Amino acid sequence: MSRRFRTEHSNGFAGFFRSLGSSRTPSLSRPTRWCWYALLLALLVSFATVADEGLWLPEQQPNWPTQPHASAVLKVGGCTGTFVSADGLVLTNHHCILDLLQYRSTLDNNYLETGFLAINKDLELLAPHDFTIAHTLERTEVTQQVLSGVSARTTGSERFNLIASNRNELLRRCEDSAGIQCRVVDHYDGLGYLLVRDRIFSRVKLVWAPPADVGHFGGIEDNWQWPRHSADLALLRVYNADGTPYQPAHWLPLSPAAPADGEPVFVAGFPGVTQRYRLRKEVAMAFDEFYPHSERYLQRWMQVLSNAMEDNPDISIRYVPTMVRLGNRYQNLRGLLAAGERYQIHQLAAEQERALREWIAEHDDVDRYQTAIATAEQALAARQALLQRQVWWNFFQELQLPSIAQRLYRLAQESGRSDERRTRGFQSQQVPVIRAQLIGQARQFAVAVESELLVELLLLHQDLPEEQRISFVTEFFALNEESSRESIQHTVNALYAASTLGDIAEIERLMNTPLSDIRRSNDPWLRFAMDTANERLRWDLRERELRGFEQQGRSVLMDAFRREARAEGRRLPDNANRTYRLSAGIVAAVGSARTTLNSLLAIADSAPRYQLPFSMHAAAAVHGAGCLAASPDQLTLNFLSTADGTGGSSGSPTVNSRGELIGLVFDSTADAILSDWHFDAERHRLIHADVRYLLWLLRYVYQANELMAELGFAEDADGCTLNGRPIIPVPARADDLPLDLAE
């Protein structure tokens, strides 16, 4: 068997499934095999109907028919991707590589606008040094080591610092060779801890990406909406240090058929963070304060960016990734708040907490659990008292020059220490990554735009309650009750005129400048970084104190949640924490379960955000669906499933019951956003880009024959095949394919 078809758990039910799907089973007659298939299909349908909440670690998963081999699934920045060929070809979402596209774009070669295709490996574009792909090698339970020395009496910053010290020692021992990066992550909200060991691929090249009009068809306004018609897809290639393509042990073959309604699907990836086991006061603070304040800030910043980018190609290139990121957050918050109101998130949280408290009241450890609730609420009250200040500071940290200055100053401080005494992330081997990050920030900066963003922020600072205003901000920007937009603008303009931190050559010079010389600098943003360092350190110490209390309270609360679920005969899924997870569901409709080439053409050019390149219109007119579907109405572009997921699930490979790739997650519906806090299978839907859309674009729009061949596509007088199997012209369940196609 080819290595690309191997999957984990090759014995048991998975092996039984493959033996049924193979023509090399001479002991079974065709009628007998159809009987077995019918039985197996019944089992799968039974499983699919109960597909429910759960982002599971592989060792926790149900005994599914198949799953992608873990080594085929990758962490691509903050997203997920998957190997799709023996030569290190990686498929991920287009929106996950916007920074890469922006970094390599110029006014003459704007890859955000035109897209990109390398017709051979020599023409692939090298990604910046900080754009990395990670493959998880192993996960190890390290709870005992992380909590060594921690007792019930260890609280606040003492607890946080002890855990941090234990973590750092584990990481120091784990990162034992070049290209290895390790993480210690909370498991079950600090009830346990996992050591994750990743191999980092730092040499990555861009192979193909569609234009933004295609990859983000519908624009920001269509984020979290259905129906969708996005080719949110891109191809990268991973290389070894010697410049040869990396050859993975496993990769995912593309399915010869688009998925059918009701078909079981399986998703693997690195989902971000969920908050499903929180107290009602935590929910109230998020939905009544944090989210509305953040939404207001985002709206004002997006208006500044929109005005600046209009009819200005240079500004557009610099700020497209920022605009997409902010727009995505804005649409997410709007959807989250609307769904929270529609489905009464406060009531759902109150009911969950009431049930927990009732269970606690009948438990022997009632005092321990009630103390945990009080501890968590104590930390929450402290956060809430300064929440508006924190929202403001979060946005200020997204400005490029203040951020560059703070990192340069910190790097200068750390450079005077030996590697073993440096703070994580500032070791000597990290300096090239820091350099690439700082240069990337400078390339996403323009004085006129950032000064306007800062003016809006300072006006918002003036609106903060007096007790939440930041004293060093008030002093540095000379703010008072008489400050107007005009006076603030004058101050800001003078600051940016006096700074050179937007110049890449100056950044590189300062990276090699001793701390003593940095401290003599007159650059206003370096002065800001130095003058505020002590106050920001005090903030950090306060944060450590709060996080120590949160770790203590939430870990005990999670123990209560788990025990309550176990008492009811339920298995409680862990919150997502950016580690490798698996989920399952079925292809299921909200109105319709899929969009097609026909439905795309029906809305194309009906609004500015629905513009398509001429090449796509021409391909559709000349070829229709080509050999990939019976008609344009049968060529699936995007589809829905009930599989669990959240932010970070973007790019997650979605496979059928034979382990064949049918699509990538790239979004969810608006109602499903609420699943970050409360999962409901009836309303939860992920949105996937079908690999059939990828094949159609590469074959009929780009004529990317070499790439198509690498993906296993072949075409002759008899039709088209994938990996030697005929392409099915209509959506079909993997279990319903003829036996001679199921090898």
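Since this is a predicted model, take the numbers as computed values, not measurements. Keep in mind that the numbers below use all heavy atoms, side chains included, and drop hydrogens, waters and symmetry copies.
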Problem set entry | Exceeds 12 heavy-atom contacts within 6.0 angstrom, atom CD of Glu221 | yes
For this session: Measure the CG-OG1 distance between Asn638 and Thr595 for me, rounded to the nearest 0.5 Å.
Result: 4.0 Å
Exercise. Are any side-chain N or O atoms of Ser316 and backbone N or O atoms of Met309, one a donor and one an acceptor, separated by less than 3.5 Å?
Worked result: yes
Exercise. Given the rule in the side chain to side chain contact (heavy atoms under 4.5 Å, CB included) test, do Trp224 and Ile673 qualify, once you have shown the distances and angles that lead to the verdict?
Worked result: CA-CA 8 Å; Trp224 317 98; Ile673 301 173; 3.5 Å; yes
Problem set entry | Main-chain N/O of Pro210 paired with His94 side-chain donor or acceptor, under 3.5 Å | yes
Exercise. Rounded to the nearest 0.5 Å, how far does CG of Leu722 lie from CG of Leu254?
Worked result: 6.0 Å
For this session: Show your reasoning for whether ring-ring contact (aromatic ring centres under 6.0 Å, His included) applies to His684 and Phe679.
Result: CA-CA 7 Å; His684 182 86; Phe679 185 92; 4.7 Å; yes
For this session: Taking the side chain as every heavy atom from C-beta outward, state whether Leu91 and Leu236 have any pair of such atoms under 4.5 Å apart.
Result: no
For this session: Enumerate the residue pairs fulfilling side-chain hydrogen bond (donor to acceptor under 3.5 Å, both in side chains) with a member in residues 662-671, sequence neighbours excluded, ordered by first and then second residue.
Result: Arg228-Asp667, Arg342-Asp671, Tyr343-Asp671
Exercise. Between Ser599 and His229, is any side-chain donor less than 3.5 angstrom from a side-chain acceptor?
Worked result: yes
Problem set entry | Trace of the side chain to side chain contact (heavy atoms under 4.5 Å, CB included) decision for Leu707 with Leu89 | CA-CA 9 Å; Leu707 270 180; Leu89 197 63; 3.9 Å; yes
Exercise. Should the heavy atoms of other residues, nucleotides or ligands under 6.0 Å from CZ of Arg578 be counted, would the total exceed 12?
Worked result: no
For this session: Compare every heavy atom of Ile97 with every heavy atom of Ala234, then report the nearest pair and how far apart it is.
Result: CB-CD1, 3.5 Å
Exercise. Are Lys121 and Asp87 close enough, and set up right, to give a side chain to side chain contact (heavy atoms under 4.5 Å, CB included), and what steps lead you there?
Worked result: CA-CA 10 Å; Lys121 293 182 179 68; Asp87 268 352; 3.7 Å; yes
Exercise. Between Phe217 and Ile603, is any pair of side-chain heavy atoms under 4.5 Å apart?
Worked result: yes
Problem set entry | Stepwise salt bridge (Lys or Arg N to Asp or Glu O under 4.0 Å) check, Arg699 with Glu715 | CA-CA 10 Å; Arg699 168 64 182 86; Glu715 185 174 5; 2.8 Å; yes
For this session: Grab the two heavy atoms, one from Tyr693 and one from Leu600, that are nearest each other, plus how far apart they are.
Result: OH-CD2, 3.6 Å
Problem set entry | Stepwise side chain to side chain contact (heavy atoms under 4.5 Å, CB included) test for Val265 and Val655 | CA-CA 6 Å; Val265 296; Val655 302; over 6 Å; no
For this session: May I have all residue pairs that pass ring-ring contact (aromatic ring centres under 6.0 Å, His included) and include part of residues 616-662, sequence neighbours excluded?
Result: His623-Tyr700, Phe639-His688
For this session: Please check if atom CD in Glu113 has more than 12 non-hydrogen atoms from other residues, nucleotides or ligands closer than 6.0 Å.
Result: no
For this session: Could you tell me whether a side-chain N or O of Arg237 sits under 3.5 Å from a main-chain N or O of Val207, the two making a donor and an acceptor?
Result: no
Exercise. For the residue pair Val701 and Ala619, what are the closest heavy atoms and their distance?
Worked result: CG2-CB, 3.7 Å
For this session: First locate atom CG of Asp633, then atom CG of Leu597, and finally report the distance between them rounded to the nearest 0.5 Å.
Result: 9.5 Å
Exercise. Under 3.5 Å, side chain of Asp644 to main-chain N/O of Gly54, donor-acceptor pair present?
Worked result: yes
Exercise. Nearest heavy-atom pair of Cys79 and Ser650: which atoms, and what distance?
Worked result: CB-O, 3.4 Å
Exercise. Can you check whether Leu123's main-chain N or O pairs, donor with acceptor, with Asn120's side chain at less than 3.5 Å?
Worked result: yes
Exercise. Is a side-chain donor or acceptor of Trp696 paired with a backbone partner of Gly624 at a separation under 3.5 angstrom?
Worked result: yes
Problem set entry | 4.5 Å side-chain heavy-atom contact, Leu107 and Pro313 | yes
For this session: Any chance you could measure Lys75, atom NZ, to Asp198, atom CG, to the nearest 0.5 Å?
Result: 7.5 Å
Exercise. Which pair of non-hydrogen atoms, one from Val730 and one from Ala630, has the smallest distance, and what is that distance?
Worked result: CG1-CB, 4.2 Å
Problem set entry | Side chains of Leu664 and Leu694 in contact at under 4.5 Å (non-hydrogen atoms) | no
Problem set entry | Side-chain donor/acceptor of Asn110 to backbone N/O of Ser105, under 3.5 Å | no
Exercise. Under 4.5 Å between any side-chain heavy atoms of Leu640 and Val587, yes or no?
Worked result: no
Exercise. If you round to the nearest 0.5 Å, how far is CG of Leu125 from CH2 of Trp208?
Worked result: 14.5 Å
Exercise. Can you find a pair of side-chain heavy atoms, one from Leu711 and one from Leu698, that are under 4.5 Å apart?
Worked result: yes
Exercise. Quick one: does Ser652's side chain have a donor or acceptor within less than 3.5 Å of a partner on Val665's backbone?
Worked result: no
Exercise. In terms of ring plane angle, is the pair Phe270 and Tyr580 parallel, tilted or perpendicular, where the classes change at 30° and 60°?
Worked result: tilted
Seminar exercise, completed: Tightest non-hydrogen contact, residues Gln331 and Ile220, listed as CG-O, 3.3 Å
For this session: State whether the side chain of Ser641 and the backbone N or O of Ala643 hold a donor-acceptor pair below 3.5 Å, judged by distance alone.
Result: yes
Exercise. Do Leu98 and His216 touch side chain to side chain, with heavy atoms closer than 4.5 Å?
Worked result: yes
Exercise. Are a donor atom and an acceptor atom from the side chains of Asp676 and Thr274 found within less than 3.5 Å of each other?
Worked result: no
Exercise. Would the Phe131 and Tyr103 ring centres measure less than 6.0 Å apart?
Worked result: no
For this session: Evaluate the side-chain proximity of Leu126 to Arg203: yes if any heavy-atom separation is below 4.5 Å, no if none is.
Result: yes
For this session: Take Arg609 and Asp213 through the salt bridge (Lys or Arg N to Asp or Glu O under 4.0 Å) test and state the conclusion after the steps.
Result: CA-CA 8 Å; Arg609 70 178 191 272; Asp213 285 349; over 6 Å; no
Problem set entry | Between Tyr239 and Glu124, a side-chain donor and acceptor under 3.5 Å | yes
For this session: Give a yes or no answer on whether the side chain of Thr92 reaches the backbone of Thr80 with a donor-acceptor pair at less than 3.5 Å.
Result: yes
Problem set entry | Separation between CZ of Arg733 and CD of Glu263, rounded to the nearest 0.5 Å | 6.0 Å
Exercise. Are Thr596 and Arg594 close enough that a side-chain donor and a side-chain acceptor fall under 3.5 Å?
Worked result: no
Problem set entry | Pair Tyr610-Asp222, side-chain donor/acceptor within less than 3.5 Å | yes
